[in-house]
Amino acid sequence: MRRPRTAAGFLLAVFLGACGIAPNPSPSVSGSRAPSAQHSGNTPATLSPAPSPRGVPPVTPIAWSDCGSGLECGSILVPRDYANPAGPSIRLAAVRLAAADPKRRIGSLVINPGGPGGSGIDFVRGSASSFPKDIRDRFDIVGFDPRGINQSSEIRCVDNLDHFLAIDSTPDTAAERSQLLDGERTFVEGCQRRNGELLPYVGTENVARDLDRLRAALGDQKLTYLGLSYGTLIGAYYAQLFPDRIRALVLDGAVDPTLDLDELHHQQARSFEAAFNRFLADCARRATCPFRERGKPGPAFDALMRRIDAKPLPARAIEDDRLVGPTYAWGAVAGSLYSRGGWGVLASALALAERGDGSLLLLLTDRLNGEGADGRYPNPSDANRAVSCLDFPAARDPSAIPAKAQAWAKDAPRFGPLFAWDEVDCAMWPVPPDRIPAPIAADGAPPIVVVGSTGDPATPYAWSQSLARQLSSASLLTRRGEGHTAYFFSSCITSAVDDYVIYLKAPKAWLTCT
C-alpha cells in the first residue's frame with residue numbers, strides 16, 4: 001500500500017537541505033557590469049491598455065480577488081482560435097503579488113517559468129519572495145498559466161502517471177518496445193478523447209497572443225517580461241508579433257526557434273550527457289561523495305542501471321508499493337542535473353539504490369513530476385506533449401525510433417536512447433505541428449536581454465547564443481556554471497538583469513559572470 005506523501009516529503013526535504021538544493025548565487029564577474037540598481041529610476045510607464053488586435057474583442061481589466069499569502073488571483077477570457085476571434089473562448093488564469101512600494105511602481109513583471117507545462121501561478125506562489133527587493137518594490141509580480149496548463153482550461157489526458165512511469169522508457173527488447181508503444185497509444189487516445197477541441201490551439205504563437213491580452217488586461221501599455229526556459233520561446237514569439245509593445249524582455253535559458261524536434265532532442269541528449277559526466281567526475285574526485293565507488297562511479301552507475309532494468313527496485317525506506325524501474329530512475333537522474341545543488345542528493349539516491357533501495361530515486365522523480373499528497377499528478381506531462389508536438393515538427397513513424405536511439409548513443413551513450421524514445425509521443429500525436437522552425441529577428445523591438453548558462457543541460461548554451469544572434473536588438477549575458485537558467489543562481493546576472501528591467505539600461509553586450 002502506498003504510504004502517505006507527507007512523510008516522503010519530509011525525508012526528501014532532509015536530503016535536499018543537507019545537499020544544498022537552494023539557489024547558490026555567485027558574485028564574481030568578468031567584464032564590466034551594468035550600473036548599480038541604487039541610482040534613481042526612470043519615469044514609470046503609462047498604465048493604459050493598448051488597443052486590441054483587429055477582430056479580437058477588447059480586453060477588460062482583471063477583477064482581482066484575495067487568494068491568500070498576500071496574493072491576488074484573477075482571470076481573463078481569450079479566443080480559443082485567433083483566426084476565429086468571435087468563436088469559443090477559454091479562460092486564462094493569473095496571480096499577482098502587488099508592488100510593495102506603490103508610489104514607485106513601474107508596472108507589471110510577467111513571469112513564465114518554462115515547461116512547456118510549467119504553471120506561472122505556482123511559480124509566483126512559491127518564488128515571488130525570491131525576487132530582489134528592488135523588483136518587488138517597483139513591480140507587480142504576475143504569473144499566468146498558459147492555455148491548456150493547470151488553471152487555464154487544463155489539458156488532462158490521464159489522471160495518474162504511475163502506470164506509464166512503470167513502463168521502460170528505453171526499451172531494448174521487442175516486448176518492451178511493444179509495451180511502450182501500447183502505453184503511449186493509450187495516453188494519446190486519452191488526450192484526444194478528453195481535449196480534442198482544444199489540442200489544435202495550445203501552440204506557442206497562440207500563447208504569445210494571449211500574453212498580449214494579459215498585458216492589456218493588466219493595464220500596461222508595454223510588456224515587461226521574464227521568460228525562463230520554454231518561456232523564452234513565448235517571449236521570442238511575442239517580440240516577433242508585437243515588437244512595439246515591449247518595454248523590457250528577458251529570455252533566460254533560451255530555446256532556439258530554428259530547431260525541429262530531432263535537432264532539439266539530439267542536442268539535449270548531448271548536453272545532459274556532458275552534465276552527467278561532470279557530475280560523475282566531481283563525485284570521483286571527492287572522497288565524501290556517497291556514490292564515489294572507489295573513484296569509478298561511471299561503471300558503477302551503468303551496472304546499477306542494468307540491474308534496475310532487469311529487476312526494478314523496491315522503495316523500502318518510504319514503504320511505497322511502487323517499483324523503481326528505468327523510467328523512474330532516469331527521471332531522478334535527469335531532474336537532479338537541473339541544478340548544481342542537486343548533485344549531492346543524486347549521489348545519495350544512487351548510493352541507496354546500490355544497496356537495493358530505490359526510495360530516494362522515487363522521491364526525486366515524484367518531485368520532478370509534481371505528484372501531490374493524494375497521489376494525483378498535475379498536468380505538466382500532458383501539456384508538455386500537447387505544446388511540444390505542435391511546436392516542433394517530428395517524424396510520424398515510431399518504427400524509425402530504434403535506429404535513431406542506436407545512432408544517438410554514439411555521442412550520448414546514456415542519454416541518447418532516452419531522448420530518442422521520448423519522440424514516440426509526437427510520432428503518434430493526433431494533431432499535426434503548426435509551427436515552422438525559423439529564425440526570429442523581431443525587427444523594431446527595443447533592446448532584449450538573452451541569458452545563457454554554459455553548463456545548462458536542458459537548454460544548451462549554444463541555443464542562447466543562437467537566439468541572441470537572431471534577434472535584431474539582443475544582448476547576451478553568460479553565466480559560467482552548472483544548471484538550468486541563471487537569474488536566480490548568479491547575483492551578477494541578477495544585478496545586470498534588474499538594472500535593465502527597472503531602468504531600461506541594457507547591459508554591456510557579452511557580459512560574462514562566473
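Because the structure is a prediction, the values reported are computed rather than measured. Counting begins at 1 with the first residue of the sequence.
By the 4.5 Å heavy-atom criterion applied to side chains, Leu477 and Tyr500 are not counted as neighbours. Put simply, the side chain of Val333 reaches to within 4.5 Å of the side chain of Phe301, judged on heavy atoms. The closest side-chain heavy-atom distance from Ser464 to Leu476 is below 4.5 Å. With a 4.5 Å cut-off on side-chain heavy atoms, Tyr225 and Leu251 count as touching. Asp140 places none of its side-chain heavy atoms less than 4.5 Å from the side chain of Leu97. In this structure, the side chains of Arg322 and Leu362 come closer than 4.5 Å at one or more pairs of heavy atoms.
Among the candidates Val202, Val387, Ile149, the single residue satisfying the side chain to side chain contact (heavy atoms under 4.5 Å, CB included) test with Pro116 is Val387. The side chain to side chain contact (heavy atoms under 4.5 Å, CB included) test with Phe392 singles out one residue from Leu261, Asp262, Asp260, and that residue is Leu261.
Within the 3.5 Å criterion, the main-chain N or O of Ala442 finds a donor-acceptor partner in the side chain of Gln240. Under a 3.5 Å cut-off, the side chain of Asn112 and the backbone N or O of Gly114 do form a donor-acceptor pair. The backbone N or O of Ala166 sits nowhere less than 3.5 Å from a side-chain atom of Thr327 that would complete a donor-acceptor pair. At distances below 3.5 Å, at least one donor-acceptor pair connects side-chain atoms of Arg435 with backbone N or O atoms of Pro257. Judged purely by atom type and a 3.5 angstrom limit, Arg91 uses its side chain to pair as donor or acceptor with the backbone of Gln151. Judged by distance alone, with hydrogens and angles left aside, the side-chain atoms of Ser178 form no donor-acceptor pair with the main-chain N or O of Ala174 at under 3.5 Å. Proximity of a side-chain donor or acceptor of Ser119 to a complementary backbone N or O of Asn150 within less than 3.5 Å is not detected. Looking only at distances, a side-chain donor or acceptor of Thr232 sits under 3.5 Å from a matching main-chain atom of Val255. Judged by distance alone, with hydrogens and angles left aside, the side-chain atoms of Asp220 form a donor-acceptor pair with the main-chain N or O of Ser108 at under 3.5 Å. Under the 3.5 Å distance criterion, the side-chain polar atoms of Ser466 are left unmatched by any main-chain donor or acceptor of Ala462.
Residues that satisfy the side chain to side chain contact (heavy atoms under 4.5 Å, CB included) test with Ala486, not counting sequence neighbours, are Asp252, Val451, Ser453, Arg479, Ile493. Remark: Ile167 engages His163, Gln179, Leu180 in a side chain to side chain contact (heavy atoms under 4.5 Å, CB included) (not counting sequence neighbours). With sequence neighbours excluded, the residues that form a ring-ring contact (aromatic ring centres under 6.0 Å, His included) with Tyr238 are Phe242. For Trp408, the ring-ring contact (aromatic ring centres under 6.0 Å, His included) partners are His266, not counting sequence neighbours. With sequence neighbours excluded, the residues forming a side chain to side chain contact (heavy atoms under 4.5 Å, CB included) with Ser152 are Leu92, Ala93, Asp145, listed by chain and number. With sequence neighbours excluded, the residues that form a side chain to side chain contact (heavy atoms under 4.5 Å, CB included) with Thr258 are Asp256, Pro439, Gln470.
Between the side chains of Ser229 and His484, a donor-acceptor pair is found at a separation under 3.5 Å.
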Quiz item: How far apart are the C-alpha atoms of Arg414 and Asp302, what are their side-chain angles, what is the distance that settles it, and do they pass the salt bridge (charged side-chain N to carboxylate O under 4.0 Å, His left out) test?
Solution: CA-CA 9 Å; Arg414 298 184 178 98; Asp302 294 335; 2.8 Å; yes
Self-check item: Test log, rule salt bridge (charged side-chain N to carboxylate O under 4.0 Å, His left out), inputs Arg278 and Glu482
Solution: CA-CA 9 Å; Arg278 294 192 293 272; Glu482 301 293 337; 2.5 Å; yes
Quiz item: How far apart are the C-alpha atoms of Arg185 and Asp182, what are their side-chain angles, what is the distance that settles it, and do they pass the salt bridge (charged side-chain N to carboxylate O under 4.0 Å, His left out) test?
Solution: CA-CA 5 Å; Arg185 194 171 292 111; Asp182 287 346; 2.9 Å; yes
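Between the SG atom of Cys73 and the CD1 atom of Ile62 there is a distance of 10.5 Å, given to the nearest 0.5 Å. Separating the CD1 atom in Ile141 from the OG atom in Ser127 is a distance of 11.0 Å, to the nearest 0.5 Å. Going from atom CG of Leu350 over to atom CE of Met305 covers 8.5 Å, rounded to the nearest 0.5 Å. Atom OG of Ser472 and atom CD1 of Ile448 lie 7.0 Å apart (nearest 0.5 Å).
For residues 429-466, no pair satisfies ring-ring contact (aromatic ring centres under 6.0 Å, His included), with sequence neighbours left out. Screening residues 77-86 for salt bridge (Lys or Arg N to Asp or Glu O under 4.0 Å), with sequence neighbours left out, gives Arg80-Glu197. Residues in residues 187-215 take part in these ring-ring contact (aromatic ring centres under 6.0 Å, His included) pairs, two or more places apart or across chains: Phe164-Phe187. Among residue pairs with one or both ends in residues 389-399, those qualifying as side-chain hydrogen bond (donor to acceptor under 3.5 Å, both in side chains) are Thr204-Asp391, Asp397-Ser399; sequence neighbours excluded. Judged as a disulfide (SG to SG under 2.5 Å), the pairs with a partner in residues 155-204 (not counting sequence neighbours) are, in order, Cys157-Cys191.
The pair Lys222-Asp244 fails the salt-bridge criterion, with no side-chain N (NZ, NE, NH1 or NH2) lying under 4.0 Å from an Asp/Glu carboxylate O. Looking at Arg215 and Asp212, a side-chain N of the basic residue comes within less than 4.0 Å of a carboxylate O on the acidic one, giving a salt bridge. The pair Arg385-Glu184 meets the salt-bridge criterion, with a side-chain N (NZ, NE, NH1 or NH2) lying under 4.0 Å from an Asp/Glu carboxylate O.
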Can you list, pair by pair, the side-chain donor-acceptor contacts under 3.5 Å of residues 415-423, counting residues two or more places apart and other chains?
{"unit_1": "Glu423", "atom_1": "OE1", "unit_2": "Lys404", "atom_2": "NZ", "d": "2.7"}
{"unit_1": "Glu423", "atom_1": "OE2", "unit_2": "His265", "atom_2": "ND1", "d": "3.4"}

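In terms of heavy-atom proximity, Asp434 sits nearest to Pro200 at OD2-O, 4.0 Å.
Between Tyr487 and Phe131, the ring planes are tilted. Angles from 30° to 60° get that label.
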